[in-house]
Amino acid sequence: ASLLGTKIKLFTNYPFKNEFNRDTYSEIEWSFSSENDQTSYFADITVSLPGSFIFYFVESAGLTAPPSPLDSIGSGFFTVDPVLNCNGKPVPLDSVVCQTVLAKLLGSLDLWRDRLSPAKECGYNMIHFTPIQALGASNSAYSISNQHSLSPVFSK
């Protein structure tokens with residue numbers, strides 16, 4: 001099925017003026033080179049806040065109230081990359097080489113330098129640690145029992 005000839009309204013939860021709220025959507029106005037040529041319609045937005053955002057579109061005929069994403073006839077996501085800086089200089093995203101480390105497997109803090117050294121030697125320049133807080137009964141890396149307490153495995 002084609003949407004050609006259908007009046008469409010486009011919405012996103014990207015926060016143009018306010019703080020981000022996952023469930024707050026704004027309508028995006030269409031731009032076009034010829035109002036009579038729907039194939040020339042496009043949406044043009046300026047973004048600066050990094051994150052993952054949702055867009056959706058609805059048929060505008062008969063709309064009496066702002067539509068919800070559940071009323072959409074199509075939707076998707078878009079990502080805005082962050083701007084990273086190091087010592088005041090921009091860092092290109094493709095220069096970040098990150099390794100995730102299961103913190104609970106590193107042992108006591110005095111062992112970390114030796115255990116993380118291979119990552120440095122392999123060219124990783126960023127390390128993502130799973131939570132270092134005390135873990136819950138399942139001992140899953142993301143099951144935190146106390147967010148204000150450091151895991152006791154690091155002090156053994």
Do [X] and [Y] touch side chain to side chain, with heavy atoms closer than 4.5 Å?
X      : Y      : result
Val83  : Leu93  : no
Trp112 : Asp114 : no
Thr46  : Phe16  : no
Pro67  : Phe11  : yes
Tyr56  : Thr12  : no
Asn85  : Pro90  : yes

Quick one: does [X]'s side chain have a donor or acceptor within less than 3.5 Å of a partner on [Y]'s backbone?
X      : Y      : answer
Ser60  : Lys7   : yes
Thr6   : Ile8   : no
Ser143 : Ser138 : no
Asn125 : Ser95  : yes
Asn13  : Tyr25  : no

At their closest point, which heavy atom of [X] faces which heavy atom of [Y], and how far apart are they?
X      : Y      : value
Ala141 : Leu135 : O-CD2, 3.8 Å
Ala103 : Pro131 : CB-O, 4.0 Å
Phe77  : Ser52  : CD2-OG, 4.3 Å
Thr130 : Leu102 : OG1-CA, 3.4 Å
Leu10  : Ala43  : CD2-CB, 3.5 Å
His128 : Tyr142 : CE1-OH, 3.2 Å

Do Thr79 and Asp81 pass the side chain to side chain contact (heavy atoms under 4.5 Å, CB included) test, and can you show the C-alpha distance, the side-chain angles, and the key distance before you say yes or no?
CA-CA 6 Å; Thr79 302; Asp81 290 332; 4.0 Å; yes
Going hydrophobic residue to hydrophobic residue with side-chain gaps under 4.5 angstrom, can you get from [X] over to [Y]?
X      : Y      : result
Phe154 : Val101 : yes
Ile144 : Phe129 : no
Phe78  : Ile73  : yes
Leu150 : Val153 : yes
Leu116 : Val97  : no

In a check of side chain to side chain contact (heavy atoms under 4.5 Å, CB included) between Tyr14 and each of Phe20, Phe55, Phe53, which one passes?
Phe53
Determine whether more than 12 heavy atoms belonging to other residues, nucleotides or ligands lie under 6.0 Å from atom CD of Glu121.
yes
When rounded to the nearest 0.5 angstrom, what distance separates [atom1] in [X] from [atom2] in [Y]?
X      : Y      : atom1 : atom2 : value
Tyr41  : Ser33  : OH    : OG    : 9.5 Å
Met126 : Leu84  : CE    : CG    : 6.0 Å
Ser145 : Gln133 : OG    : CD    : 9.5 Å

Which residue pairs satisfy the salt bridge (Lys or Arg N to Asp or Glu O under 4.0 Å) criterion with at least one member in residues 23-46, sequence neighbours excluded?
Lys9-Glu27
Residues that Asp110 engages under side chain to side chain donor-acceptor pair (under 3.5 Å), provided they are two or more places apart
Ser108
